[in-house]
Amino acid sequence: MDLITWEDKLSVNIQSMDQEHKQLIGLINELHNAMRQGQGKLVLSSTLENLIRYTQTHFTNEEKLMQEMGYPNLKEHKKEHAALTKQVIDLQNRHEQGELVLTIEIMQFLKNWLTHHILNTDKKYGEFV
Ligand code: FEO
């Protein structure tokens, strides 16, 4: 069962960004399912790595788009991206060092990590357009 389901309320009304957000949701669901199936550390590590890589790709694409549209809150948005990226990299480091076990609480954290950002921050550039 998926942890996050795409809903229309998550739409920022820009198709390319909605697609990328759907991809991120898919990667969090993949990690969630791997955790539920009791997959080994290797599988979890590589799934987490894919999530981080795609997060960085998405943030870069989104920042480029906001720059092109002359979005006035770009600087604050970039700061939030940097903080979000740090949070997942910290998780990854702790996981690699065996200090962190992926649990449903960690998955809930990732769910909120993404959905709060889309709902509270990303939607603002959607409204600006
Ligand atoms: Fe879609 Fe600002 O991340």
Side-chain angles (χ1 to χ4, degrees):
M1 204 183 80
D2 284 343
L3 179 71
I4 316 177
T5 308
W6 171 265
E7 296 168 77
D8 285 345
K9 69 172 185 181
L10 290 167
S11 175
V12 295
N13 295 314
I14 297 173
Q15 209 181 6
S16 59
M17 291 298 107
D18 283 349
Q19 281 310 321
E20 293 192 12
H21 290 150
K22 284 178 187 172
Q23 183 90 4
L24 284 171
I25 287 172
L27 286 165
I28 291 179
N29 284 334
E30 206 178 300
L31 186 64
H32 176 246
N33 289 324
M35 180 211 74
R36 275 166 42 100
Q37 288 159 14
Q39 296 281 357
K41 192 173 173 186
L42 218 59
V43 172
L44 294 175
S45 293
S46 88
T47 312
L48 193 52
E49 176 67 27
N50 289 342
L51 172 65
I52 291 170
R53 276 218 209 122
Y54 195 73
T55 297
Q56 289 169 324
T57 301
H58 167 62
F59 286 171
T60 303
N61 291 343
E62 197 176 74
E63 287 167 13
K64 191 166 168 265
L65 182 81
M66 287 188 284
Q67 187 150 25
E68 283 166 2
M69 63 170 77
Y71 183 57
N73 297 332
L74 174 63
K75 201 174 153 192
E76 290 76 17
H77 200 131
K78 277 175 105 166
K79 261 193 210 164
E80 200 169 312
H81 281 171
L84 291 167
T85 303
K86 187 181 177 303
Q87 284 179 330
V88 275
I89 290 176
D90 283 351
L91 271 187
Q92 184 187 37
N93 289 337
R94 285 166 59 207
H95 183 252
E96 289 307 311
Q97 286 159 19
E99 292 169 11
L100 177 111
V101 176
L102 288 180
T103 58
I104 189 67
E105 286 79 16
I106 301 288
M107 294 313 308
Q108 280 295 342
F109 165 81
L110 284 172
K111 177 182 176 175
N112 294 335
W113 170 87
L114 179 64
T115 55
H116 286 182
H117 178 70
I118 296 175
L119 290 170
N120 299 316
T121 306
D122 286 351
K123 279 188 87 90
K124 290 180 185 158
Y125 70 73
E127 286 157 15
F128 175 76
V129 178

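This chain uses plain numbering: 1 for the first residue, then up along the sequence. Order of appearance sets the numbers: ligands from 1, and atoms from 1 within every ligand.
- Between the OE2 atom of Glu62 and the NE2 atom of His21, the angle centred on atom 1 (Fe) of ligand 1 amounts to 90° when rounded to 10°.
- Note: angle at atom 2 (Fe) of ligand 1, from NE2 of His117 to NE2 of His77, is 90° (rounded to 10 degrees).
- Inclusion of Glu63 in the first shell of atom 2 (Fe) of ligand 1 is not supported: no N, O or S atom falls under 2.8 Å.
- At a cut-off of 2.8 Å, His58 coordinates atom 1 (Fe) of ligand 1 through an N, O or S atom.
- A salt bridge is absent between Lys22 and Asp18: the closest approach of a Lys/Arg side-chain nitrogen to an acidic carboxylate oxygen does not fall below 4.0 angstrom.
- By the 30° and 60° cut-offs, the orientation of the rings of Phe59 relative to Trp113 is tilted.
- The closest donor-acceptor contact from the side chain of Lys9 to the backbone of Leu119 lies at 3.5 Å or more, if one exists at all.
- The one candidate from Met69, Gln19, Glu62 that meets the side chain to side chain contact (heavy atoms under 4.5 Å, CB included) condition with Ile14 is Met69.
- Between Glu49 and Arg53 there is a salt bridge, since at least one side-chain N of the basic residue sits less than 4.0 Å from a carboxylate O of the acidic one.
- Atom 2 (Fe) of ligand 1 lies closest to atom OD1 when only the N/O/S atoms of Asp122 are considered.
- For atom 1 (Fe) of ligand 1, the set of nearby N, O or S atoms under 2.8 Å includes none belonging to Glu20.
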